[in-house]
Each structure stands twice: as C-alpha cells, then as structure tokens.
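Here's the structure we're looking at; comments come further down.
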Amino acid sequence: MGLRQRGKALENLYFHEEELSFRLHGMRSRLMGLWAASLMHKDDANSYASEIVAASIGREGDDAMFNKLHDDFVAAGVGVTDDVIHDQMTNLLRCAADELRNGIAQFDDKRAA
C-alpha cells in the first residue's frame, strides 16, 4: 500500500469514527432529554429531548447539556443532584453505544443475507 493510500485510509477511518461519535452523543442526548422530561412531567417529552440535543451540539457539548439539565431541574423543583445527572449521562452513553452497536450488527446481518 502506498503512502498516499495509507493516508487516505487513515483519513477515512478518522471521519468514520467522528461520525459514529457524533451519532452516539446525539443518541445519548436524546435519551437524557427523555429521562429528564419524565422526571419533570413534561407534556411533550420529544420536544424537550430535541432541546437537549440542540444544547449538546457545539463546542461546549456535554457541559452545555449538563448546565441546561441542571437549570431545568432547579426551575422545575426536581431534586436531582449533579452526581445523578453525571451518572445518568455515563449510563445512557453506554446504552446508546449498545443500541448503535446492535443496529450496525443487524444492518450487517441483513446485508450479508
């Protein structure tokens, strides 16, 4: 394999990993929004989840999402500690990774059949 081909392969791998990371964090943000909406008894959980996804996109990402969740819990009078929010962010990232991994495996199985 030539040097240019290897460079292109590494570049493609990098972009693929970045895309997966973006999707993974987006899925986690959506799950966080749905979780928080249920604790705050929001009428439109999907709309709130979209707000959380929007807050998580950008340079500050996780910090912006955490701050929005924290502020919204305080405003709603829901007693959720910062540690619980962080733990849920970690747990739902694992759930999103499992979901993404299972989705890719199912896609590969269908493609192979």
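Note that the structure is predicted; figures quoted are calculated from it, not measured. These values consider heavy atoms only, across backbone and side chains, with no hydrogens, waters or symmetry-generated copies.
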Review point. With sequence neighbours excluded, what pairs up with Lys42 under the salt bridge (charged side-chain N to carboxylate O under 4.0 Å, His left out) test?
Key: none
Check your understanding: In the hydrophobic clustering that connects Ile, Leu, Val, Met, Phe, Trp and Tyr at side-chain heavy-atom distances below 4.5 Å, which members other than Leu13 occupy its cluster, ordered by chain and number?
Key -> none
Review point. Salt bridge or not for Asp71 and Lys68, using N-O below 4.0 Å?
Key: no
Revision key, fill the gap. Which of Asn91, Thr90, Leu100, Asp62 passes side-chain contact (heavy atoms from CB on, under 4.5 Å) with Arg28? Answer is Asp62
Revision key, fill the gap. Distance col, row Leu34:CG vs Ser29:OG, nearest 0.5 angstrom, shows 11.0 Å
Exercise for review: Output the rest of the hydrophobic cluster of Leu39: all Ile, Leu, Val, Met, Phe, Trp and Tyr residues reachable through side-chain heavy-atom contacts under 4.5 Å, sorted by chain and number.
Suggested key: Leu31, Met32, Trp35, Met40, Tyr48, Ile52, Met65, Phe66, Leu69, Phe73, Val78, Val80, Val84, Ile85, Met89, Leu92
Review point. Is the side chain of Ser21 donor-acceptor paired with the backbone N or O of Glu17 at a distance under 3.5 Å, no angle test?
Key: no
Check your understanding: Counting only heavy atoms not in Asp98, do more than 12 sit closer than 6.0 Å to its CG atom?
Key -> yes
Point to revise | Separation between CD of Gln88 and SG of Cys95, rounded to the nearest 0.5 Å | key: 8.0 Å
Revision key, fill the gap. Distance col, row His70:NE2 vs His86:NE2, nearest 0.5 angstrom, shows 10.0 Å
